[in-house]
Amino acid sequence: MSFSDMKQRSKTNLASLIKETEKISNPNSGFNDTDDRFWRPELDKSGNGYAIVRFLPAPEGEDLPWARIWNHGFQGPGGWYIENSLTTLGQKDPVSEHNSQLWNSGIEANKEIARKQKRRLTYVSNVYVLKDPANPQNEGQVRLYKFGKKIWDKLNDKMNPQFEDETPVNPFDLWEGANFKIKIRKVDGYSNYDKSEFENATPLDEDEAKMEEVWKTEYPLAEFTDPKNFKPYTELKEKLDRVLGITTGSAERDNDAPFDGGKPFTPQFTPQVTPVTPDTAVTAETDTSEEFSYFSKLAEGN
């Protein structure tokens, strides 16, 4: 698709994106943070941060302006488990299966372990950095931005407004999108994105040649959901067993074995699990990308 074709389709792109957001809102079902393609706003000593970015349309040859990845992050007796989930690809994942067994046991202690091991959602999009007070050298660059539910909800609300007097806006559009102010505050000791907001809709630049240049320098997103970048089920299962301290002959039940007459699974070995809740940055108010990044660093070398 050429740049001129993209401009002609600009008004129809929102409808297709809205359909994709509906899939995410109603689902049927770790990438290296040292990668210099990625950008994130820097926090000051008080834990606050500010930046202005523009979310960009899908890269050339791709259909969506975001990649959506499920991942797990927790610590067991045998170390850290920091891995992307195969459920991202619509496939079976050993952690999800194990959590289902714990939950279906009906035992509250098992349910709590499942909660601590639950999968988390991360998005990756291309952004154009308009203002970065902490690192001005990033301004005017196209970078990859990893974010979580809080930022996604603001994007989704822009595309799917809740009130009749609000007009749907495609925040990823170069012509009719809007700049996004990222405002991070420390609230009760945690990073909070609630004050982040969109400006009024406006073209990214008055010069279309400049906008085309920005678009052509975007990074591909398809790699983040490419099956070749996910570990196979057997390798993930081996690591999960090692992290949880599960050995052959233990009370752990085979994932593929059927339930015995509908009797709930009651494991006699319930490993203690440390959830992804660092002191620095994690509650339901926190952008999931910070959470996953923090624990990816802790897990390095495991």
Any donor-acceptor pair under 3.5 Å from Arg120 side chain to Gly148 backbone: no
Chi angles and distances behind the ring pair (Phe, Tyr, Trp, His ring centres under 6.0 Å) call for Tyr123, Trp152: CA-CA 8 Å; Tyr123 298 86; Trp152 170 256; 4.6 Å; yes
As an exercise, state the distance from CZ of Phe224 to CG of Asn229, rounded to the nearest 0.5 Å. 9.0 Å
Ala114: which residues meet the side-chain contact (heavy atoms from CB on, under 4.5 Å) condition with it, sequence neighbours left out? Asn99, Leu102, Trp103
Residues in side-chain hydrogen bond (donor to acceptor under 3.5 Å, both in side chains) with Glu238, at least two apart? none
Quick one: list whatever passes side-chain hydrogen bond (donor to acceptor under 3.5 Å, both in side chains) with Thr88, sequence neighbours left out. none
Apply ring pair (Phe, Tyr, Trp, His ring centres under 6.0 Å) to the pair Phe55 and Phe147, showing each step before the final yes or no. CA-CA 12 Å; Phe55 284 92; Phe147 56 97; 5.7 Å; yes
Mark yes or no for whether Asp173, through its side chain, and Glu176, through its backbone, hold a donor-acceptor pair below 3.5 Å. yes
Partners of Asn200 by side-chain contact (heavy atoms from CB on, under 4.5 Å), sequence neighbours excluded? none
Excluding sequence neighbours, so at least two apart, what forms side-chain hydrogen bond (donor to acceptor under 3.5 Å, both in side chains) with Asp93? none
For Lys195, give me all partners under side-chain contact (heavy atoms from CB on, under 4.5 Å), at least two apart in sequence or on another chain. Lys183, Arg185
Taking Tyr219's backbone N and O only, do any of them form a donor-acceptor pair with Asn126's side chain (distance below 3.5 Å, no angle check)? yes
Val142 side chain reached by Val214 side chain, heavy atoms, under 4.5 Å: yes
Partners of Glu108 by side-chain contact (heavy atoms from CB on, under 4.5 Å), sequence neighbours excluded? Lys111, Arg115
What residues, two or more places apart in sequence or in another chain, satisfy side-chain hydrogen bond (donor to acceptor under 3.5 Å, both in side chains) together with Asn138? Asp132, Arg143
Taking the side chain from His72 and the backbone from Gln117, do they hold a donor-acceptor pair closer than 3.5 Å? yes
Residue pairs involving residues 152-169 (criterion salt bridge (Lys or Arg N to Asp or Glu O under 4.0 Å); sequence neighbours excluded): Lys149-Asp153
Between Ser96 (side chain) and Lys92 (backbone), is there a donor-acceptor pair under 3.5 Å? no
Is there a path of hydrophobic side-chain contacts, each under 4.5 Å between heavy atoms, that joins Val53 and Val169? no
Apply ring pair (Phe, Tyr, Trp, His ring centres under 6.0 Å) to residues Trp80 and Phe74 and explain how you reach the verdict. CA-CA 6 Å; Trp80 287 96; Phe74 56 87; 8.7 Å; no
Between Asn48 (side chain only) and Lys186 (backbone N and O only), is there a donor and an acceptor less than 3.5 Å apart? yes
Residue list, salt bridge (Lys or Arg N to Asp or Glu O under 4.0 Å) with Glu62, at least two apart or on another chain: none
Would a distance-only check, ignoring hydrogens and angles, find a side-chain to backbone donor-acceptor pair under 3.5 Å from Gln141 to Gln137? yes
Listed partners of Glu212 passing salt bridge (Lys or Arg N to Asp or Glu O under 4.0 Å), at least two apart: Lys216
Taking salt bridge (Lys or Arg N to Asp or Glu O under 4.0 Å) as the definition, give me every residue that meets it alongside Lys131, ordered by chain and number, with sequence neighbours left out. none
Verify same cluster id: Tyr50, Leu130 (apolar side-chain graph, 4.5 Å): yes
Side-chain donor/acceptor of Trp175 to backbone N/O of Thr202, under 3.5 Å: no
